[in-house]
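Presented below is the structure to which this report refers.
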Amino acid sequence: MNHKRVLRLAVTVAATSALAAGMTMTLTSTASAGTTLKASAAEKGRYFGAAVAGQKLSDNTYVTILNREFNSVVAENDMKWDATEPQQGRFVYTGGDRLVSHAQANGQSVRGHALLWYQQQPGWAQNMSGSALRSAMINHVTQVATHFRGKIHSWDVVNEAFADGNSGARRDSNLQRTGNDWIEAAFYAARAADPGAKLCYNDYNTDGINAKSTGIYNMVRDFRSRGVPIDCVGFQSHLGTSLASDYQANLQRFADLGVDVQITELDVMSGGNQANIFAGVTRACMNVSRCTGITTWGVRDCDSWRGSDNALLFECSGNKKAAYTSVLNALNAGPGITPSPTTPGPTTPGPTTPPPTTPPPTTPPPGPDGCTASVSLNSWTGGFVASVKVTAGSAGTNGWNVSVTLPGGASVTNTWSATASGSTGTVRFTNVNYNGRLGAGQVTEFGFQGTGSAAGVTPTCTAS
Ligand code: XIL
């Protein structure tokens, strides 16, 4: 029996007894009983990950905890630019491949970190500028994302591109000086190289609503409105001795833009509040249905880049800390991810009137005041990415739906700039909140990606 089934049963039982007792029931009151971080997170539809330093994979205590508690891993350093392209055009994947093999052998998904960053660049890139650097950086994204294609759950495509402080502006860097569009260029290159990976922007000091997180929020909103392929935002969450009271509200405002959010590098200064802060972050993630997972930046205190801060969930001996228990409890107490619209409808039987025997009239040719859709496919053996263009008719739209009937064996695995209902057969895509309203003749684009073949699909657009 899988965890979801167990959970659903538990919910049903709790609901029945709560109703019998005349109480109101909320999902949050449903306890579950995971006894490891990964099991408890998985019961709630999330992952729980750790950053892994390659050389530690031969340390038994370390690997025992890693495999028992974590179902996601990220390379602490091995997939960074200096590690993967030490000389221009010479790519080294030894460390990254070793981590991917470890993950595949142990049922862990892999976060990719990080394609572009102003730090940990190889010397040759640090000395470059202008169009030479622009093409070198796009080549780097393309080569690395292609090498790991199909093996990465989420890529940090761009790391730490915003300045600290009150400006809300981009950070100055050699990458930034190649032109403000370097970030979107990187996302387009990453999508083309690995259409199956979720593409994230990742940063720190974004643990609440502040000038820096708002600068990033505005960029993500702009990207989403223009169809730049961004799927997620990572909140590093290297924390001190307090947690911003609007930590959850900040995650939620990003989620409301239609991206997933992830806690990507969590560690917390030790001291009286450590367990509470870890629990607060975990609760915030659980309360945001698009918060899909949490990663701590290391396993044990002595593995942490934060030296003597004792910032993680395990002691060096491998013992669990109080912070571990508080995280586990918060995972177990949290709500599961909100079911997607593919959940079956009510079980009450529908009306018994037989369907009309006369065939419905053939669909009229797209009138002036509906909408039309066209699809362009990028296919390879076993998969495809579809870009769909939606054009409003002469009356404009308040919202739109596009239906696509996939051939047998094909299935949608990821969607951007629209919400999918169903994944096989006839799949219905609905606008998200920022791209439903179109003026007469206005065009918007959304996309989806899938396995199998989508050759020959014809989209049908309905306006509302
Ligand atoms: C750190 C690593 O943990 C260290 O081993 C390395 O020396 C420097 O980088 N933000 C990030 C991470 O995105 O890549 C950084 O990792 C920590 C801060």
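When a ligand or atom number is given, it counts from 1 through the structure's own listing order.
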(request) Just go through Gln236, Lys80, Gln119 and tell me whose heavy atom is the nearest to atom 15 (C) of ligand 1. (result) Lys80
(request) Report, in ascending order of atom number, the atoms of ligand 1 lying under 4.0 Å from any heavy atom of Glu160. (result) 10 (N), 11 (C), 13 (O), 18 (C)
(message) Please report whether the ring centroid of Trp297 lies less than 6.0 Å from that of Tyr204.
(response) no
(message) Students should be able to answer this: which protein heavy-atom is nearest to atom 11 (C) of ligand 1, and at what distance?
(response) Glu265 OE1, 3.0 Å
(request) Would you mind listing every salt bridge (Lys or Arg N to Asp or Glu O under 4.0 Å) that reaches into residues 259-275, with sequence neighbours excluded? (result) Lys198-Asp260, Asp260-Arg290, Asp267-Arg306
(request) Taking side-chain hydrogen bond (donor to acceptor under 3.5 Å, both in side chains) as the test, write out the residues that go with Asn159, two or more places apart. (result) Asn202, Gln236
(message) Within the supplied structure, the quantity of interest is the number of heavy atoms (other residues, nucleotides, ligands) at a distance under 6.0 Å from Arg428 CZ; does it exceed 12?
(response) no
(request) Return the residue, atom name and 0.1 Å-rounded distance of the protein heavy atom closest to atom 6 (C) of ligand 1. (result) Asn77 OD1, 3.4 Å
(message) Would you say the rings of His147 and Tyr93 are close, in the sense that their centroids are separated by under 6.0 Å?
(response) yes
(message) Using a plain distance cutoff, I'd like to know if Trp305 has any nitrogen or oxygen under 3.5 Å from a nitrogen or oxygen of ligand 1.
(response) no
(message) Taking distance alone, with N or O pairs closer than 3.5 Å, would you say Asn159 contacts ligand 1?
(response) yes
(request) Give yes if a backbone or side-chain nitrogen or oxygen of Glu76 is under 3.5 Å from a nitrogen or oxygen of ligand 1, and no if not. (result) yes
(request) May I ask you to identify the nearest protein heavy atom to atom 8 (C) of ligand 1, giving residue, atom name and distance to one decimal place in Å? (result) Gln120 OE1, 3.4 Å
(message) Let's go through Tyr247 and Phe235 carefully: what are the C-alpha distance in whole Å and the side-chain angles of both, what is the deciding distance for ring pair (Phe, Tyr, Trp, His ring centres under 6.0 Å) to 0.1 Å, and is it a yes or a no?
(response) CA-CA 10 Å; Tyr247 186 89; Phe235 298 81; 7.3 Å; no
(message) Side chains of Thr142 and Asn139: any donor to acceptor distance under 3.5 Å?
(response) no
(request) Check if Trp117 has a non-hydrogen atom at a distance under 4.0 Å from any atom of ligand 1. (result) yes
